[in-house]
Amino acid sequence: MTGIRNEELLELTHHSITEYRLPSTGEVVPLLQVAPSKTDSERLLLVSPELADVLSTIVCRLRGRSRAIPLVASYDVHERVWNPPMPLLFQRAIGTEHRAFTPTALRKLLINALAATGLTDAGGEPLVFSPHDFRRIFVTDAIMNGLPPHIAQVLCGHKSLDTTMG
């Protein structure tokens, strides 16, 4: 629903969910703050009502009875460093410990979810997607439904319009 990169998704924290009050109407609009990754530029994405519902469910589940989101350390595979403990949105309890989802865990969850659907490709083989495929689907769908390519470029955090159009 956002076209964010796998790495960006796994680095989302409770603090990534923010809001903006429209000066003209006073209406509050939810935003998702995406931390700098590949292009070293931060961006803010408008949160749809559907995504707001999903994010709210994630936050409620993480808070549980304690009402606080557990702080977990995560390993940045690209920078090869451990990040300090943060209230990551994509974490899970393993026994009594909370751990951040890893790129490998995310891929395995996707593979297992697709396998459970029983969906197959044109050749009858089990359907396979990578997390990055959803980024491609997002931007293709957005452009095919009228979003100007230069806006899609900004949403995806691409430096070049050629990358977006590819």
Side-chain angles (χ1 to χ4, degrees), residues 1-25 27-59 62 69 71-92 99-114 119 121 127-166:
M1 298 179 110
T2 61
I4 66 174
R5 296 176 180 92
N6 188 24
E7 175 189 4
E8 295 166 340
L9 176 78
L10 296 176
E11 291 178 356
L12 290 177
T13 71
H14 187 231
H15 305 291
S16 302
I17 304 167
T18 187
E19 61 185 40
Y20 176 74
R21 186 172 302 276
L22 297 173
S24 57
T25 64
E27 179 184 1
V28 175
V29 178
L31 299 172
L32 192 62
Q33 184 177 7
V34 180
S37 67
K38 191 174 180 179
T39 59
D40 288 332
S41 62
E42 176 183 87
R43 55 194 200 281
L44 287 170
L45 304 176
L46 184 63
V47 173
S48 69
E50 297 84 4
L51 181 56
D53 187 47
V54 170
L55 292 172
S56 175
T57 300
I58 290 170
V59 168
L62 288 172
I69 295 178
L71 302 179
V72 294
S74 62
Y75 185 72
D76 188 321
V77 295
H78 299 290
E79 308 262 340
R80 296 189 174 136
V81 297
W82 281 94
N83 294 319
M86 297 182 282
L88 294 173
L89 294 180
F90 293 93
Q91 60 175 279
R92 60 185 170 173
R99 293 189 188 165
F101 275 93
T102 63
T104 301
L106 189 62
R107 276 191 302 279
K108 286 181 182 177
L109 286 169
L110 181 58
I111 289 166
N112 292 340
L114 280 169
L119 295 172
D121 63 18
L127 199 56
V128 177
F129 279 106
S130 74
H132 199 76
D133 289 329
F134 289 98
R135 181 171 163 81
R136 292 184 189 104
I137 291 168
F138 169 82
V139 73
T140 300
D141 186 58
I143 291 173
M144 295 300 287
N145 283 291
L147 185 70
H150 68 283
I151 302 297
Q153 174 189 356
V154 172
L155 289 176
C156 290
H158 290 153
K159 287 185 177 179
S160 165
L161 184 58
D162 291 337
T163 303
T164 306
M165 295 310 291

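This chain uses plain numbering: 1 for the first residue, then up along the sequence. Heavy-atom basis, side chains included; hydrogens, waters and symmetry copies ignored.
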Provide the closest heavy-atom pair for [X] versus [Y] in the form atom of the first, atom of the second, distance.
| X | Y | answer |
| --- | --- | --- |
| Ile4 | Val34 | CG2-CG2, 3.8 Å |
| Val47 | Leu32 | CG2-N, 3.6 Å |
| Ala100 | Ala73 | CB-O, 3.9 Å |
| Val72 | Arg99 | CG1-N, 4.1 Å |
| Pro131 | Leu110 | N-CD2, 3.7 Å |

task = Could you walk me through whether Arg135 and Val139 pass the side-chain contact (heavy atoms from CB on, under 4.5 Å) test, one step at a time?
result = CA-CA 6 Å; Arg135 181 171 163 81; Val139 73; 5.9 Å; no
request  = Take Leu88 and Asn83, measure what side-chain contact (heavy atoms from CB on, under 4.5 Å) needs, and give me the verdict at the end.
outcome  = CA-CA 11 Å; Leu88 294 173; Asn83 294 319; over 6 Å; no
Rounded to the nearest 0.5 Å, what's the gap from [atom1] on [X] to [atom2] on [Y]? Could you check?
| X | Y | atom1 | atom2 | value |
| --- | --- | --- | --- | --- |
| Leu44 | Ser16 | CG | OG | 10.0 Å |
| Thr164 | Arg136 | OG1 | CZ | 13.0 Å |
| Leu45 | Met1 | CG | CE | 12.5 Å |
| Cys156 | Glu8 | SG | CD | 9.0 Å |
| Leu46 | Thr2 | CG | OG1 | 11.5 Å |
| Gln153 | Leu147 | CD | CG | 11.5 Å |

request  = Start with the C-alpha distance between Val154 and Arg43, add both sets of side-chain angles, then the distance that settles side-chain contact (heavy atoms from CB on, under 4.5 Å), and finish with yes or no.
outcome  = CA-CA 8 Å; Val154 172; Arg43 55 194 200 281; 5.9 Å; no
Expected output: side-chain [X] to main-chain [Y] donor-acceptor under 3.5 Å:
| X | Y | answer |
| --- | --- | --- |
| Glu79 | Asp76 | no |
| Asp141 | Ile137 | no |
| Thr57 | Asp53 | yes |

Derivation of the side-chain contact (heavy atoms from CB on, under 4.5 Å) call for His132 and Asn6 = CA-CA 7 Å; His132 199 76; Asn6 188 24; over 6 Å; no
note = Across all chains, not counting sequence neighbours, the side chain to side chain contact (heavy atoms under 4.5 Å, CB included) partners of Pro148 are His150, Ile151
query = Parallel under 30°, tilted from 30 to 60°, perpendicular over 60°: which one fits the rings of Phe101 and Phe90?
reply = perpendicular
